[in-house]
Engineer: 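Once you've had a glance at the structure underneath, I'll fire off some questions.
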Amino acid sequence: MKADWAFGAGEQAVTFVARRDDEHYVEQGLSWYAATGRMELTPGHRHGGGEIYRTFDAEASILRCFQCHSTGPLRLGEGYRIEPPEAGVQCETCHGPGKAHAESGAAVRNPARLTAVQINQLCGECHRKPAATGDETDWGNAWNARHQPLYLAESACFQKSGGRLSCFTCHAPHAELERAAEAYGKVCGSCHAKPRHRAATVASKGTCVGCHMPAVKPNANLSFANHWIGVYGAGSVLRPGGRRRLVVEDGRR
Ligand code: HEC
Ligand code: HEC
Ligand code: HEC
Ligand code: HEC
Ligand code: HEC
Ligand code: HEC
C-alpha cells in the first residue's frame, strides 16, 4: 500500500493518503486503529481498495484533509503535489503567523485573551463550529459527536456560565490529552461544588464525565467524549434528555 502521508496522530487511528498522478490522490481503504492495533476499513469506506479523489474536485475533499491536518496555507508543488508548510497542528494554528512577530516584534496572538465564543470559532475551524442559527444538526448521528465545539455550545454549562467555560478550562493547550476522569471532575467541581443528585444516583458508581459526557463510539474502534454536558437517560449517550431537574421550579423547562 502506497502512503505519502499518514493522517492522525495515532491516538485513535491513522489513515494513509498517497499521490497517484498529476490529477489524483488516493485515500487508502485500510486504516490503523489504536484500539485493536490492527488495519481495518477506513471510516466511510465499503471495501479496502481505497478511494480515489481528483485533486481539484468541487468538494476539494483531499485538499480539505490537508487543510485541517496541517498548519499554514497549502502550496502546490510540481505535478500538483500538495505541500503543506508544516504537518500536523502546530503553534501557528492557535498563535497566528509568527512571521510578523519575528520581523517586527508584533505581538503573536494569545488565545487566552479570546472569549469562550471566539475560542469555539477558532477550534471549530477544524473541530467544527457551533451551529449557526437555522442550521440543522442530526443529533442522532454518532459521527457528529466528534464535533466538540458544536456540542459544547449546546450545554447549559457553556450557555449559562457567562463565558467562563471554554476548551481551555478543561484542556491545557500544550499538553497531551488528559485521560484521567478525576482531572476533569475537578474542573466540574469548580462550578458545581455540591451537585444535587438523587440517592440512587449517588449510590451508583461512575465519574462526573462518565455520566455527563458519555463516550460515543461511532464505530467499534473510535471513541469520543460527548461535549454536550448534560443529564443522559439510561443507555442514551447521543443527546441529553434524562431527568433534568430534581425540582421543577417554574414552567420554563
Ligand atoms: C488546523 C486545524 C485544527 C485547529 C484550528 C485546532 N485543532 Fe485540535 N486537532 C486537530 C487535529 C487534526 C487533531 C487530531 C490530531 C491528530 O490525530 O493528528 C486535533 C486534536 C486535538 C485534541 C486531541 C489531542 C489528542 O491527543 O487526542 C485536542 C484536545 C484538541 N485538538 C484541541 C483543540 C483546541 C482546544 C483547539 C482550539 C484552540 C484546536 N484543537 C484547534 C486540528 C485542529
Ligand atoms: C474540517 C476539518 C477536517 C477535515 C476536512 C478532515 N479532518 Fe481528519 N480530523 C480532524 C480533527 C479535528 C480530528 C481530531 C478528531 C478528534 O479527535 O476529535 C481528525 C482526526 C482524524 C483522524 C484520527 C481518527 C479520528 O477520527 O479521530 C484521521 C485518521 C483523520 N482525521 C484523517 C482524515 C482524512 C484522511 C481526511 C480527508 C479525507 C480528513 N481527516 C479530513 C479534522 C478534519
Ligand atoms: C491548541 C492551541 C495552541 C497551540 C497549538 C499552541 N499554543 Fe501556545 N498557548 C495557547 C494558549 C491557550 C495559551 C495561553 C495559556 C495560558 O495563558 O494559560 C498559550 C500560551 C503560550 C505562550 C505564553 C504566551 C504568553 O503571552 O503568555 C507561549 C510562549 C506559547 N503558547 C508558545 C507556543 C508554541 C511555541 C507552540 C508550538 C510548539 C504553541 N504555543 C502551540 C494555545 C496554543
Ligand atoms: C464554568 C462553570 C461550569 C463548569 C466548569 C461546569 N459547569 Fe455544569 N453548569 C454550569 C452552569 C452555569 C449550569 C446551568 C445551571 C442552571 O441551569 O441553573 C450548568 C449545568 C449543568 C448540568 C445540568 C444540565 C442541564 O441541561 O440542565 C449538569 C448535569 C452539569 N452542569 C454538569 C457538569 C459537569 C459534569 C461538568 C464537568 C465536566 C460541568 N458541569 C462543568 C456551569 C459549569
Ligand atoms: C468540561 C470539560 C471539557 C471542555 C470544556 C472541553 N472538553 Fe474536550 N474533552 C473532555 C473530556 C472529559 C474528554 C475525554 C478525555 C478522554 O478521552 O479520557 C475530552 C476529549 C477531547 C478530545 C479527544 C476526542 C474526544 O472527543 O474524546 C478533543 C479533540 C477535545 N476534547 C476537544 C475539545 C475542544 C475543541 C473543546 C472546546 C470546544 C473542548 N474539548 C472542551 C472535556 C472537556
Ligand atoms: C452515576 C451517574 C452520575 C455521576 C457519577 C454524576 N452524576 Fe450528576 N447527575 C446524574 C443524574 C442522573 C442527574 C439528574 C438528577 C438525578 O437523577 O440524580 C444528575 C444531575 C447533575 C446536575 C444537575 C443538578 C444540579 O445540581 O443542578 C449537576 C450539576 C451534576 N449532576 C453534576 C455532577 C458532577 C459535578 C459530578 C461529579 C462530581 C456528577 N454530577 C456525577 C448522574 C450522575
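When a ligand or atom number is given, it counts from 1 through the structure's own listing order.
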Engineer: Heavy atoms only: give me the nearest Glu92-Gly98 pair and the separation to one decimal.
Structural biologist: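 The pair with the smallest heavy-atom distance is OE2-N, 3.1 Å.
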
Engineer: Verify the distance criterion only: is there a donor paired with an acceptor across the side chains of Thr42 and Thr15 at less than 3.5 Å?
Structural biologist: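 Side chains of Thr42 and Thr15: no pair found under 3.5 Å.
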
Engineer: Restricting to N/O/S atoms, is Cys211 within less than 2.8 Å of atom 8 (Fe) of ligand 6 or not?
Structural biologist: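 Looking at Cys211, which is the residue asked about, there is no N, O or S atom under 2.8 Å from atom 8 (Fe) of ligand 6.
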
Engineer: Using a 4.0 Å heavy-atom cut-off, which part of Thr207 comes near ligand 6: side chain, backbone, both, or neither?
Structural biologist: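 It is the backbone that gets close, since no side chain atom is under 4.0 Å.
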
Engineer: Looking at Phe224, Trp228, Phe158, which hits side-chain contact (heavy atoms from CB on, under 4.5 Å) with Tyr151?
Structural biologist: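 Considering Phe224, Trp228, Phe158, a side-chain contact (heavy atoms from CB on, under 4.5 Å) with Tyr151 is found only for Trp228.
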
Engineer: With only distance considered, is Lys194 within less than 3.5 Å of ligand 6 through an N or O on each side?
Structural biologist: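 There is no such contact.
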
Engineer: Which ligand 2 atoms does Arg64 reach within 4.0 Å, using its non-hydrogen atoms?
Structural biologist: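 Listed by number with element, the hits are 4 (C), 5 (C).
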
Engineer: Report whether Tyr53 and Phe66 are members of the same hydrophobic cluster (ILVMFWY, side-chain heavy atoms less than 4.5 Å apart, transitive linking).
Structural biologist: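 Result: yes, single cluster for both.
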
Engineer: Who's the nearest protein heavy-atom neighbour of atom 14 (C) of ligand 2, and how far?
Structural biologist: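 The closest one turns out to be His127 CE1, 4.2 Å.
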
Engineer: Can you list the ligand 6 atoms lying under 4.0 Å from a non-hydrogen atom of Lys205?
Structural biologist: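 It comes down to these atoms of ligand 6: 1 (C).
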
Engineer: Between Pro111 and Ile119, which heavy-atom pair has the shortest distance, and what is it?
Structural biologist: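 Looks like O-CD1, 3.9 Å.
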
Engineer: What are the protein N, O or S atoms, given as residue plus atom name, that sit under 2.8 Å from atom 8 (Fe) of ligand 5?
Structural biologist: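 The answer is His171 NE2, His227 NE2.
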
Engineer: Quick test of your reading of the model: are Lys186 and Glu182 salt-bridged, counting only N-O distances below 4.0 Å?
Structural biologist: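 No, this pair does not count.
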
Engineer: Indicate if the distance from atom 8 (Fe) of ligand 6 to the nearest N, O or S atom of His212 falls below 2.8 Å.
Structural biologist: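 Checking His212: at least one N, O or S atom is under 2.8 Å.
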
Engineer: What are the protein N/O/S atoms, named by residue and atom, that sit under 2.8 Å from atom 8 (Fe) of ligand 2?
Structural biologist: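 Correct list: His69 NE2.
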
Engineer: Under the 4.5 Å side-chain heavy-atom rule for ILVMFWY, direct or indirect, which residues accompany Val26?
Structural biologist: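 Ile52, listed by chain and number.
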
Engineer: Hey, does Gly189 sit under 4.0 Å from ligand 6 if you only count heavy atoms?
Structural biologist: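 False for this residue.
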
Engineer: With atom 5 (C) of ligand 5 as the reference point, say which of Gly210, Ser166, Ala180, Ala145 has the nearest heavy atom.
Structural biologist: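 Of the listed residues, Ser166 has the closest heavy atom.
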
Engineer: Other hydrophobic cluster members with Val216, side-chain heavy atoms of Ile/Leu/Val/Met/Phe/Trp/Tyr under 4.5 Å, chained?
Structural biologist: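 Members besides Val216, by chain and number: Val237, Leu238.
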
Engineer: Touching ligand 5 at all, Arg146? Heavy atoms, strictly under 4.0 Å?
Structural biologist: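 Arg146: no contact with ligand 5 (<4.0 Å).
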
Engineer: Looking only at distances, please establish whether an N/O atom of ligand 6 is found under 3.5 Å from an N/O atom of Arg198.
Structural biologist: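 Between Arg198 and ligand 6, an N or O pair is found under 3.5 Å apart.
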
Engineer: Does any N/O atom on Arg179 come nearer than 3.5 Å to any N/O atom on ligand 5?
Structural biologist: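 Yes, there is a polar N/O contact under 3.5 Å.
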
Engineer: Contact between Asn226 and ligand 5, counting heavy atoms under 4.0 Å?
Structural biologist: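 It does not; every heavy atom stays at 4.0 Å or beyond.
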
Engineer: Of the listed options (Thr201, Val209, Val187), which comes nearest to atom 11 (C) of ligand 6 when hydrogens are ignored and any heavy atom counts?
Structural biologist: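 Of the listed residues, Thr201 has the closest heavy atom.
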
Engineer: Considering only the protein, which heavy-atom contact is closest to atom 17 (O) of ligand 2, and what is its distance?
Structural biologist: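 The protein heavy atom lying closest is Phe224 CE2, 3.7 Å.
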
Engineer: For the pair Asp4 and Lys2, find out whether any cationic side-chain nitrogen is under 4.0 Å from an anionic carboxylate oxygen.
Structural biologist: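 Looking at Asp4 and Lys2, the cut-off is met.
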
Engineer: Taking Arg81 first and then Glu83, would you say they form a salt bridge - that is, a charged N and a carboxylate O separated by under 4.0 Å?
Structural biologist: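 Between Glu83 and Arg81 there is no salt bridge, as every charged N stays at least 4.0 Å from the carboxylate O atoms.
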
Engineer: For ligand 2, which part of Glu27 has a heavy atom less than 4.0 Å away: the side chain, the backbone, both, or neither?
Structural biologist: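 Looking at Glu27 and ligand 2, just side chain atoms fall under 4.0 Å.
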
Engineer: If you count the atoms of ligand 2 from 1 in the order shown, which ones are under 4.0 Å from a heavy atom of Ala13?
Structural biologist: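 Those atoms are 23 (C), 24 (C), 29 (C).
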
